[in-house]
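For reference, the structure is listed below as structure tokens.
Naming: A, B, ... by sequence-line order, numbering from 1 per chain. In this text the structure is predicted, and so the values were computed from the model without any measurement.
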Protein chains: 2
Amino acid sequence: MYKVKVYVTLKESVIDPAGAAATKEFKNSDYPEVEQVRVGKYIELTIGDTSKNVEEAVHDMCKNLLVNTEVEDYRFEIEEAAAK
Amino acid sequence: MYKVKVYVTLKESVIDPAGAAATKEFKNSDYPEVEQVRVGKYIELTIGDTSKNVEEAVHDMCKNLLVNTEVEDYRFEIEEAAAK
């Protein structure tokens, strides 16, 4: 069994409306020292035992289901976990 | 200057509709070994130099602006970065 943590971020060149709104909000808050906010996704996958190469499988999942690689980058960490 | 990475997740007891939809999608995909998907947020903050205690300030930002602590948990990492 594996726990996989996937971090999905907008590419630097892509406009991030949620982040821009949050940045503005910070400027008018008690925390004007916050200069930039970028908002991405954090996805946790629980994967059962499999004969597949997990790293390759997660790359495929990201490319095919989880990430829009036109505008988003991703990285992930795999932890082997004891089955419940 | 600081780079802060904030991970926001729904509490275990809270229903995650986006995660549930993704879990179902995986079951019908080439990756039925994916047993659970939970979807959270990943937020990157760039914070300018400040006399505040950065760790305390980020806790305050999370509680007051970024996280709904009724239903979400958060954790973060602070990196000191050279100013541009």
A:Thr46 side-chain N/O to B:Glu35 backbone N/O, donor-acceptor pair under 3.5 Å: no
Report, by ascending residue number, the residues of [range] in heavy-atom contact with chain A at a distance under 4.5 Å; give 'none' if the set is empty.
range: residues 3-22 of chain B; answer: B:Lys5, B:Tyr7, B:Val8, B:Thr9
range: residues 65-72 of chain B; answer: B:Leu65, B:Leu66
range: residues 24-34 of chain B; answer: B:Glu25, B:Phe26, B:Ser29, B:Asp30, B:Tyr31, B:Glu33, B:Val34

Hphob cluster co-occupancy, A:Ile47 + A:Met1, side-chain heavy atoms under 4.5 angstrom: no
Hydrophobic cluster identity match, B:Ile43 and A:Tyr42, side-chain contacts under 4.5 Å: no
Heavy-atom contacts under 4.5 Å, residues 50-59 of chain A to chain B: A:Thr50, A:Lys52, A:Ala57
Atom of A:Gly48, atom of A:Tyr2 and distance for their closest heavy-atom approach: O-CD1, 4.3 Å
